[in-house]
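The structure appears below as structure tokens.
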Protein chains: 2
Amino acid sequence: MAPAKVPPTTVQRLPLYLRCLVQASTHHMPVVNSVQIAEMAGTNAAQVRKDLSYLGEFGTRGIGYDVDSLIAHLSRHLGLTEHRRVAIVGYGRLGSALQGYQGFAERGMRVVAVLDADPAKIGIAVDALTVEDIESLEAVVARERVEIAVITVPAAAAQSVADRLVAAGIRAIMNFAPVALRVPEGVEVRQADVAGELQILSFHLHPERTRV
Amino acid sequence: MAPAKVPPTTVQRLPLYLRCLVQASTHHMPVVNSVQIAEMAGTNAAQVRKDLSYLGEFGTRGIGYDVDSLIAHLSRHLGLTEHRRVAIVGYGRLGSALQGYQGFAERGMRVVAVLDADPAKIGIAVDALTVEDIESLEAVVARERVEIAVITVPAAAAQSVADRLVAAGIRAIMNFAPVALRVPEGVEVRQADVAGELQILSFHLHPERTRV
DNA sequence: CTTTGTGAACAGATTCACAGCG
DNA sequence: CGCTGTGAATCTGTTCACAAAG
């Protein structure tokens, strides 16, 4: 019953389930069963039930899961009862695309700071924010109570930015720079590498599906 | 010897190894051993050796791996001996950020087409390309011999775009829209969901981490 | 009668540890 | 000797199948 140990693979699927349930909610479905969730999520029903069982017992046998109540449970387990405070470090093409992404708010994320090292970019007003100097990173993190940092700086600068973020108390980093970050125990890093993903796709296209 | 069956988890790490080796090459290291690769990649040496062993026997016992030769082998196995032809469908903030990303070329990817449904965007010149009408998707895919498609359209349009891409012969899709795409057997999809990744990070920040 | 929740069986990935080769 | 390559052992995740609950 208590959230003892949730397997990493299960955690990775929770946002997907949440998305599907929100969609079901907008379609005015009051209740869904594990087969329906699995169809929407592209998995199988046993997986869905097992995953949810790690968080608690939320279903009703013979009926299924109450959509709104399950949304509430998942949101709580994902720590999304309040919006998470996100800083974007690096206001290049990708950084500005993320800053302007409308999908964050409805999924529990709030961008509270944008930073860059380029004097030409510092001071630019974006929505209600201003691009701030990366030199004042520590002050900004403290002032805005940043919980999650998104790194969109060039690869060469990523590790030093990560070091400073960690020193400033950040424990959750999403890194778009194509380098493996070194962080101390207790700091969680998610790596996003678009070119790498395309290379994985390329592997599956490989002509060499016969023999060498 | 022959590339029989490479486990999916291994395939996912190959781009990472390739990146590390390219870095080693620029640092003028002619040879690296599995411990060094593991350090750069953030894994362990046994993992590196096992992964590489699925592709063949590239090392020299007592010495290690020749960097340039291993880069060549990995590139070949990833199908990167020639640049992969990529189309970006959806010229919004994210689509344009990806279109302008300089990192693709050096990692075997070449953007050969950009499409959008918005008449205000169709015709815009981007580098050597022009944003084309999504209505002519099939013609563009054929003309440019597109191998990989990147979907950056709104969630509501993603499935129909995917259906048309598959019908046009595309077998590798990277999807940035936050929906689970349904595709037939034989079509490979990689899902990228930034908000979902941040939610995973949020889970790890959860206050409820105190053992119950 | 339906659907959950879950032990047990299974499948897959990681790590170990060492034989084999340079 | 040093380092790779790999079977064997271990660990982790997925799927099955059914008892328990409404």
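Every chain is numbered from 1 and lettered A, B, ... according to where its sequence line falls, protein lines coming before strand lines.
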I'd like to know if A/E138 pairs up with A/R164 as an ion pair, taking the criterion as any Lys NZ or Arg NE/NH1/NH2 lying under 4.0 Å from an Asp or Glu carboxylate oxygen.
yes
Where each residue is assigned the nucleotide of DNA chain D containing its nearest heavy atom, which of B/G59 and A/P7 is assigned the position nearer the 5′ end?
B/G59
Determine the interplanar angle of the B/H206 and B/F203 rings, folded into 0 to 90°, and report it as parallel if under 30°, tilted if 30 to 60°, perpendicular if over 60°.
tilted
Report the residues that fulfil salt bridge (charged side-chain N to carboxylate O under 4.0 Å, His left out) with A/R182, sequence neighbours left out, ordered by chain and then residue number.
none
Who passes salt bridge (charged side-chain N to carboxylate O under 4.0 Å, His left out) against B/E144, sequence neighbours left out?
B/R85
Does anything in residues 86-110 of chain B pair up under salt bridge (charged side-chain N to carboxylate O under 4.0 Å, His left out), and if so which pairs, sequence neighbours excluded?
A/D193-B/R107
By the salt bridge (charged side-chain N to carboxylate O under 4.0 Å, His left out) test, which pairs, at least two apart or in different chains, include something from residues 32-51 of chain B?
B/R13-B/D51
Nucleic acid contacts of residues 12-42 of chain B, taken as heavy-atom distances under 4.0 Å to DNA chain C
B/R13
Under-4.0 Å side-chain N/O to phosphate OP1/OP2 contact, A/T9 with D/dT14:
yes
OP1 or OP2 of C/dG5 less than 4.0 angstrom from a side-chain nitrogen or oxygen of A/Y65, does that happen here?
yes
Any side-chain heavy-atom pair from B/I88 and B/Y91 closer than 4.5 angstrom?
no
In whole angstroms, how far is the [atom2] atom of [N] from the [atom1] atom of [X]?
X: B/E57; N: C/dG20; atom1: CD; atom2: P; answer: 14 Å
X: B/D66; N: D/dT4; atom1: CG; atom2: P; answer: 13 Å
X: B/F58; N: D/dG5; atom1: CZ; atom2: P; answer: 9 Å
X: B/D51; N: C/dT14; atom1: CG; atom2: P; answer: 7 Å

Reading 5' to 3' through nucleotides 15-22 of chain D, protein heavy-atom contacts under 4.0 Å coded B for base, S for sugar-phosphate only, - for none
BBB--BBS
Taking all non-hydrogen atoms of both residues, which atom of B/P15 and which atom of A/I200 are closest, and how far apart?
CG-CG1, 3.8 Å
